[in-house]
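Everything on this sheet refers to the single structure shown next.
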Amino acid sequence: MLNTLSDYFTYDLLKLEHGTHLADAVNFFIYDTIKIFLLLSAIIFVIAIIRSYFPPEKTKRILSHKKVFIGNILAALLGIVTPFCSCSAVPLFIGFVEAGIPLGVTFSFLISSPMVNEVAIVLLFGLFGWKVTAIYIGTGLLVAIFGGIIIGKLRLEKWVEEYVYRFHNGQAYEIIKQTFKERLQYAKDSTADILKRIWLYILIAIGIGGFIHGYVPEDFLVHYAGKGNLFAVPIAVLIGVPLYSNAAGVIPIIYALMEKGLSMGTVLAFMMAVTALSLPEMIILRKVLKIPLLGVFAGIMTATIIAVGYLFNAIL
Amino acid sequence: MEIKVLGPGCPNCHQMEELTKKAVKELGIDATVDKVTDIKEIMKYTMSTPALVINGKLKHSGKPLPGLEKVKELIRAEV
């Protein structure tokens, strides 16, 4: 069905000639654009409905009284489905500490939340297939779980700003009740909101896929950063850490890198470094964490992401 | 009527404030719209911002933001 539609656009509407390079590129572009936007709308909508059942207040309730390890796993999973604006990282952190949630468990949540994100999932699925997507989700969870466990083991509570511990609201926040109709509306708004913010990045990603294909030599980067180069992963991660973008913004770049021969592990590590570690987030978290703890957080994240990169270069 | 928009200051919180002011203006009612950025004050009501508090009651919290019509509806319900 999608094929018919993109053929119609390419050959009938735009009147491009069959078999030419331009026609192929345009056809591919239209086909992928329709496919990815359909996928995006459907998946974001479904995830938004699921999310409406997991407001941060509920996540807090689920995570309080949970032990380390089980708590870390749950926190990493909840990080995927709990919606939150980066501006609420501080109240959320304080709320978690107040509820007695261990520091390491809180970090598992804070790590998985930006890293495993629905837009990244759809784009990876649409452009690279389900296998890469599953690997991405799996490793994102692993990094969140183990990053959190390590931070928990190090006993860094002393590097949390003191005022955080003096918060004693003691009250359970009310969760605003929603009817199913309201949840559908919420999901619709959410989908429209996300699509509005990312459509351009996605068009660029698909455009890159269609056009640079023929113009840059296939193995341009393999020579410098292929599997054989042991330094490829750490270099990709070190370049990615100071860069900051959401998952949608980074996908055009990684798509181009992969087209030109960078290996999967290196690319995934780069993507994780860009999305999971960001300066704006660090500045927000500085309000509740002292600099040594921020440093440890960044260090552990960098190390785990590099490890993941090597792991996937080895097995894929 | 006392309306508060809670949020430490990010694009979303700013948008929430604009939305609320617009809703009040369009409804033509007598209400004050205050922006609350103090974390202690915010945490009296919620831990997910941006949030909307009308006459001391939490009406919306977190992402995504409600639409203009929804905000109007929430305000109208308290008149």
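Note that the coordinates shown come from a computational prediction; the quantities given were computed from them, not determined experimentally. Every chain is numbered from 1, with letters handed out A, B, ... down the list of sequences.
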Residue Asp38(B) excluded, over 12 heavy atoms near CG under 6.0 Å: yes

Structural part of Lys59(B) lying under 4.5 Å from a heavy atom of chain A: backbone

Lys35(B) atom NZ: more than 12 heavy-atom contacts under 6.0 Å: yes

Between Leu65(B), Asn12(B), Thr46(B), the one whose heavy-atom pairs under 4.5 Å with chain A are most numerous: Thr46(B)

Heavy atoms from other residues, nucleotides or ligands near NZ of Lys290(A) exceed 12 (cutoff 6.0 Å): yes

Enclosure of Phe69(A) CZ (heavy-atom neighbours >12, cutoff 6.0 Å): no

Under 4.5 Å from a heavy atom of chain B, the part of Gln185(A) involved: neither

